[in-house]
Amino acid sequence: MSAQIFSRTANAYLRISLIVITLLVCGIIAALIGLYLSPWYTDAGVAKAQPIAFSHKHHIADLKIDCRYCHNTVERAATAGFPATETCMSCHSQVWTTSPLLQPVRDSYQNNTPIIWNRIYDLPAFVYFNHSIHIAKGVGCTTCHGQIQTMALTAKAQPLYMGWCLGCHRDPAQNIRPRDQVFNVDYDVLSMPLAERQQLVIDYQIPTDGRLTNCYTCHR
Amino acid sequence: MSTTGHGHSEPGADPESIAVGHELKDANVGPLVFAALGLGVLLLVSFIVMGVVLRSTGNTLADTSSDLPTTTAMQMQIPPSPRLQQNAVIDGNQIIADATKKLAGYGWVDQQAGITHIPIERAMELVVERGVAGK
Amino acid sequence: MANAIPNRVLVRLVWLPLLLLLSACHIDMYDQAKYKSNQPSDFFQDGRAMRAPVPNTVAMNSFKPDSPLATGKLNGELVTNLPPEITLDANLLARGRVVFNAYCAPCHGLAGDGQGVIANRGPLVAPSYHTDRLRTMAIGYFFDVATNGVNRMYGYGARITAEDRWAVVAYIRALQLSQNADVKALPPEDQAKVEAGK
């Protein structure tokens, strides 16, 4: 009589380990998806360090400066534009002229070197986003950039997944607002009834025939 | 328990009570009542004294004549200007509201000289008619 | 023991999906070997991908010293009217209002009285437009100041297009009129409203 290779409980162990391994795999996949969607991976809501501790909150909520004062190409170019050092110095040649926090600005102005900001909204190189067309069609700054007037340190408000872009491109009415409210950071898109927003989509001639979801709309 | 050993009894507890498990001696009521009555009497006496003092100085409790006027009190609390800005949002909103009000409505600037202010929307219409040459 | 064999095979296969963890992501499509605006560069010495003009040069069609549209001057004299390329209409003034409120109002105030939010805070003094000197000043002067700056004010020629700057200076005229209108020159219905004080 030869010795048994497997003990009596081998079958039970096998079944239990099958269940455990299946659960483990599902758990790992779920955890990876969760990680992929979390701010840890997307950086949404995570402020980045910048060479100058610039506060959007102070300049917008306290000082009532329009977005365009600094991001002055936003209405006519693809990029909203980082403000030139000259733009900072328009005021800061006279206000806070000795502040050590603004030393990088003065250095940049005197030495003709750029201030290197850390990009917050960093799209992949194969995405061609154009600010001016969104502004012209009634998409407000805060729709993508969030409540910027509350951000002492600037952070991404959206994870920038493609599905989020497509959500609006499929149904622009959910995020549209009147053109004169585009730069109003306190405007609530939902304060306008859906029917009127749908009318805006027609008035602003936003194509709803599916052209907006074509690949080449954003990828070239 | 130490009480069973060398007679180091707990302070204030006699061995009999400890043996029985509850206190055998009642509280002494006399001093307590006396203290309570004394407090009441003291309260009455102080009311009477206060009444006498107030009456003799001719004042009433509701009299506020010796208080500082509100504005003076405010000025004493707030240091003289220029001050640090307390709330930049409120100040900013106020400036915007003032300017917006200036640009709305009709009114006299100088009635003697016949100078008025008119709403900005109307001024824009008039500039379209009159041109931008200025006065 | 017959069913134990497929189970054993399964147990071995069940680890395979974990190999996915060993895979890596390509980022060469995300960060392509090309420059988009405002990107840093390790190719150019000054670290900028966006190139500044070579010294003593201008971009084509950007230097028009003789054009009133670009300078606010004709033959060296400040123009007293809008250049022919700009049409004075309600749209121009509406645009001027928007641009004025965005770029000028922080210091000059929404009403153009020099009481902007920024001017209120700092040592900055913004002049009011509501003075006799500026009411009678040629319109080209405002354009010149908006373009090149004056005193401590920086020029906005690089930030605001020439068309928008003309819209702004036309709107400044509307601001001046709104705060200083001669009642006798107003249409009768406006005179009535002034009398009513509405």
Side-chain angles (χ1 to χ4, degrees), chain A residues 5-6 10-11 14-15 17-18 20-22 24-26 28-29 32 59 62-73 75-84 86-97 111-114 116-117 119 122-129 179-180 183, chain C residues 1 3-4 7-8 10-11 13-18 20-21 27-40 46-50 52 94 97-107 110 116-126 149 152-156 158-161 164:
Chain A
I5 298 174
F6 296 109
N11 278 357
L14 178 70
R15 292 198 178 103
S17 49
L18 268 180
V20 168
I21 286 167
T22 311
L24 200 67
V25 169
C26 294
I28 286 172
I29 290 171
L32 285 177
H59 288 82
D62 296 354
L63 304 181
K64 319 286 178 207
I65 297 178
D66 192 279
C67 308
R68 285 164 288 189
Y69 189 90
C70 303
H71 305 288
N72 56 67
T73 57
E75 283 181 299
R76 55 181 200 270
T79 163
F82 289 91
E86 191 187 75
T87 304
C88 309
M89 292 299 281
S90 302
C91 295
H92 289 296
S93 61
Q94 296 171 62
V95 183
W96 295 112
T97 49
N111 306 334
N112 193 26
T113 51
I116 300 173
W117 299 94
R119 197 175 259 283
D122 196 6
L123 289 175
F126 50 77
V127 177
Y128 292 81
F129 179 83
R179 281 194 185 117
D180 58 354
F183 295 97
Chain C
M1 290 309 270
N3 348 341
N7 272 359
R8 227 158 53 193
L10 260 184
V11 169
L13 292 183
V14 119
W15 290 96
L16 284 177
L18 291 182
L20 287 174
L21 290 178
I27 57 162
D28 48 355
M29 287 284 279
Y30 279 70
D31 296 315
Q32 296 170 12
K34 67 179 177 189
Y35 290 129
K36 284 185 161 185
S37 51
N38 294 107
Q39 277 188 341
D46 64 358
R48 284 182 252 207
M50 293 165 83
R97 187 178 192 181
V98 168
V99 178
F100 178 90
N101 290 352
Y103 290 93
C104 315
C107 293
L110 287 173
V117 181
I118 305 292
N120 177 60
R121 284 177 65 84
L124 227 134
V125 179
R152 294 202 284 176
M153 174 182 155
Y154 277 44
Y156 285 74
R159 278 174 261 178
I160 315 175
T161 61
D164 280 353

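Naming convention: chains lettered A, B, ... in sequence-line order (proteins, then strands); numbering from 1 in each chain.
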Minimal non-hydrogen separation, [X] against [Y], with atom names:
X: A:Asp62; Y: C:Val117; answer: O-CG1, 3.7 Å
X: A:Thr113; Y: C:Arg48; answer: CA-NH2, 4.3 Å
X: C:Ser37; Y: A:Thr79; answer: OG-CG2, 3.3 Å

Rounded at 0.5 Å granularity, tell me how far [atom1] in [X] sits from [atom2] in [Y].
X: C:Cys107; Y: A:Tyr69; atom1: SG; atom2: OH; result: 6.0 Å
X: A:Phe126; Y: C:Asp31; atom1: CZ; atom2: CG; result: 9.5 Å
X: A:Cys91; Y: C:Met153; atom1: SG; atom2: CE; result: 11.0 Å
X: C:Leu124; Y: A:Ser90; atom1: CG; atom2: OG; result: 10.0 Å

Hey, mind stepping through A:Thr73 and C:Arg159 against side-chain hydrogen bond (donor to acceptor under 3.5 Å, both in side chains) and telling me if it holds?
CA-CA 8 Å; A:Thr73 57; C:Arg159 278 174 261 178; over 6 Å; no

May I ask you to name which of [options] has the most heavy-atom pairs under 4.5 Å with chain C?
options: A:Thr97, A:Val95, A:Ile21; answer: A:Ile21
options: A:Ile29, A:Thr87, A:Ile28, A:Leu24; answer: A:Thr87
options: A:Ile116, A:Leu32, A:Asn112; answer: A:Asn112

Full working for side-chain contact (heavy atoms from CB on, under 4.5 Å) between C:Ile118 and A:Lys64:
CA-CA 9 Å; C:Ile118 305 292; A:Lys64 319 286 178 207; over 6 Å; no

Row check, A:Phe129 ring normal vs C:Lys36 NZ/CZ: under 6.0 Å, within 45°
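Negative - C:Lys36 is either too far from the ring of A:Phe129 or too far off its axis.
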
Can you tell which part of A:Phe183 gets under 4.5 Å to a heavy atom of chain C, answering side chain, backbone, both or neither?
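No part of A:Phe183 comes within 4.5 Å of chain C.
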
Counting only non-hydrogen atoms closer than 4.5 Å, does A:Glu86 touch chain C with its backbone (N, CA, C, O), its side chain (CB onward), both, or neither?
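Answer is both: backbone and side chain atoms of A:Glu86 are under 4.5 Å from chain C.
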
What do you reckon, is CG of C:Leu16 surrounded by more than 12 foreign heavy atoms closer than 6.0 Å?
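More than 12 within 6.0 Å, yes.
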
Only one of A:Ile65, A:Asp66, A:Asn72 clears side chain to side chain contact (heavy atoms under 4.5 Å, CB included) with C:Tyr103; which?
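That would be A:Asn72; it is the only one of A:Ile65, A:Asp66, A:Asn72 passing the side chain to side chain contact (heavy atoms under 4.5 Å, CB included) with C:Tyr103.
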
